Amino acid sequence: MVYITRRETFNAAHRLFRSEWSEEKNLEIFGLCSNPLWHGHNYILQVTVKGEINPQTGFLINLKELSKIIKEKIISKIDHKNMNLEVDFMKGLLPSTENLTVAIWNELKEPLMISGCILHSIKVFETENNYAEYFGE
Ligand code: NI
């Protein structure tokens, strides 16, 4: 079993807030990410797949193909978008790094399986210092 990772980047806007909470409580829990007038982050997405090496190509999956799937299913829908308002796979979710990471897993698992490899992990960096990682459980 071998693991290979493709890195992609996107930027997106969000706001972390609960409408039933006061602005003060939202600020206390979510900090700057609760700004009512939105803000953005430059995200880094790392998608790791696993499987056996194809002896003819030496590849687990052609990384061009992996990149194409990530761009079609994720990047084209989220890059330069507002996650609270216009990203279908984030609908109804608080756009935290954790929720985003799980939502990306759910979007990619099936299409990658169809392409013959198994999704191992999704890692999303919101800042240089903060990232979330999901292994499907
Ligand atoms: Ni934020």
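Keep in mind the model is a prediction, meaning the values are calculated, not measured. Numbering starts at 1 and runs along the sequence shown.
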Q: Fit a plane to each ring of Trp105 and Tyr134, take the angle between them on a 0 to 90° scale, and name the class: parallel (under 30°), tilted (30 to 60°) or perpendicular (over 60°).
A: perpendicular
Q: Shortest non-hydrogen contact from Thr101 to Ile122?
A: CG2-O, 3.4 Å
Q: Could you measure the distance from the NE2 atom of His41 to the CG atom of Leu100? Nearest 0.5 Å is fine.
A: 10.5 Å
Q: Say you draw a straight line from CD1 of Ile78 to CD of Glu86; how long is it, rounded to the nearest 0.5 Å?
A: 10.0 Å
Q: Could you see if Leu63 belongs to whatever hydrophobic cluster contains Val49? Use Ile, Leu, Val, Met, Phe, Trp, Tyr and a side-chain cutoff under 4.5 Å.
A: yes
Q: Are any side-chain N or O atoms of Thr9 and backbone N or O atoms of Tyr43, one a donor and one an acceptor, separated by less than 3.5 Å?
A: no
Q: Report the C-alpha distance between Ile61 and Ile4 in whole Å, list the side-chain angles of each, state the deciding distance to 0.1 Å, and finish with yes or no for side-chain contact (heavy atoms from CB on, under 4.5 Å).
A: CA-CA 8 Å; Ile61 181 174; Ile4 195 157; 4.3 Å; yes
Q: Atom NZ of Lys73 and atom CG of Leu108: how far apart are they, to the nearest 0.5 Å?
A: 9.0 Å
Q: Do you know which two heavy atoms are closest between His39 and Cys33, and how far apart they sit?
A: CE1-CA, 3.2 Å
Q: Passes side-chain contact (heavy atoms from CB on, under 4.5 Å), Glu133 versus Glu98? Steps please.
A: CA-CA 8 Å; Glu133 197 168 12; Glu98 294 89 328; over 6 Å; no
Q: Kindly assign one of parallel, tilted or perpendicular to the pair Tyr131 and Phe125, based on the angle between their ring planes and the thresholds 30° and 60°.
A: tilted
Q: Kindly determine whether Glu107 and Lys77 satisfy side-chain contact (heavy atoms from CB on, under 4.5 Å), including the steps that lead there.
A: CA-CA 11 Å; Glu107 292 301 298; Lys77 295 178 179 178; 4.1 Å; yes
Q: Using modelled atom types and a 3.5 Å cut-off, is there a donor and acceptor pairing between side-chain atoms of Asn99 and backbone atoms of Pro95?
A: no
Q: A quick test of your reading: do over 12 heavy atoms of other residues, nucleotides or ligands sit less than 6.0 Å from CD1 of Ile53?
A: no
Q: Apply the test side-chain contact (heavy atoms from CB on, under 4.5 Å) to residues Asn62 and Thr57: give CA-CA distance (whole Å), side-chain angles for both, the deciding distance (0.1 Å), then the verdict.
A: CA-CA 9 Å; Asn62 189 321; Thr57 60; over 6 Å; no
Q: Is Asn26 reaching over with its side chain to a backbone N or O of Arg18, donor-acceptor style, under 3.5 angstrom?
A: yes
Q: With rounding to the nearest 0.5 Å, note down the distance linking CD in Glu52 to SG in Cys117.
A: 12.0 Å
Q: Assess, by modelled atom type and distance only, whether the side chains of Ser67 and Glu8 contain a donor and an acceptor separated by less than 3.5 Å.
A: yes
Q: Check whether Glu28 reaches the backbone of Glu24 with its side chain - one donor and one acceptor, N or O, closer than 3.5 Å.
A: no
Q: Is the shortest heavy-atom distance from the side chain of Arg7 to the side chain of Leu45 under 4.5 Å?
A: no
Q: Grab the two heavy atoms, one from Phe135 and one from His120, that are nearest each other, plus how far apart they are.
A: CD2-O, 3.5 Å
Q: Is the backbone of Phe30 close enough, under 3.5 Å, to the side chain of Ser34 for a donor and an acceptor to pair up by distance?
A: no
Q: Side-chain heavy atoms nearer than 4.5 Å, only ILVMFWY residues, links allowed to pass through others: does that put Met83 and Trp38 together?
A: no
Q: Side-chain heavy atoms under 4.5 angstrom apart, residues restricted to Ile, Leu, Val, Met, Phe, Trp, Tyr: same cluster for Leu119 and Leu66?
A: yes
Q: Taking Ile118 as the starting point, is it possible to reach Ile70 by hopping between hydrophobic residues whose side chains are less than 4.5 Å apart?
A: no
Q: Can you see which heavy atom on Ser115 is nearest to which on Ile69, and at what distance?
A: OG-CD1, 3.1 Å
Q: Determine yes or no for a side-chain-to-main-chain donor-acceptor pair under 3.5 angstrom, with Asn84 supplying the side chain and Arg15 the backbone.
A: yes
Q: Any side-chain heavy atom of Thr127 sitting closer than 4.5 Å to one from Thr97?
A: no
Q: Supply the atom-to-atom distance Glu128 CD to Asn42 CG, rounded to the nearest 0.5 angstrom.
A: 10.5 Å
Q: Are Ile44 and Phe10 co-members of a hydrophobic cluster defined by side-chain heavy atoms under 4.5 Å apart?
A: no
Q: Drop me the distance from Lys123's NZ to Thr48's OG1, to the nearest 0.5 angstrom.
A: 7.5 Å
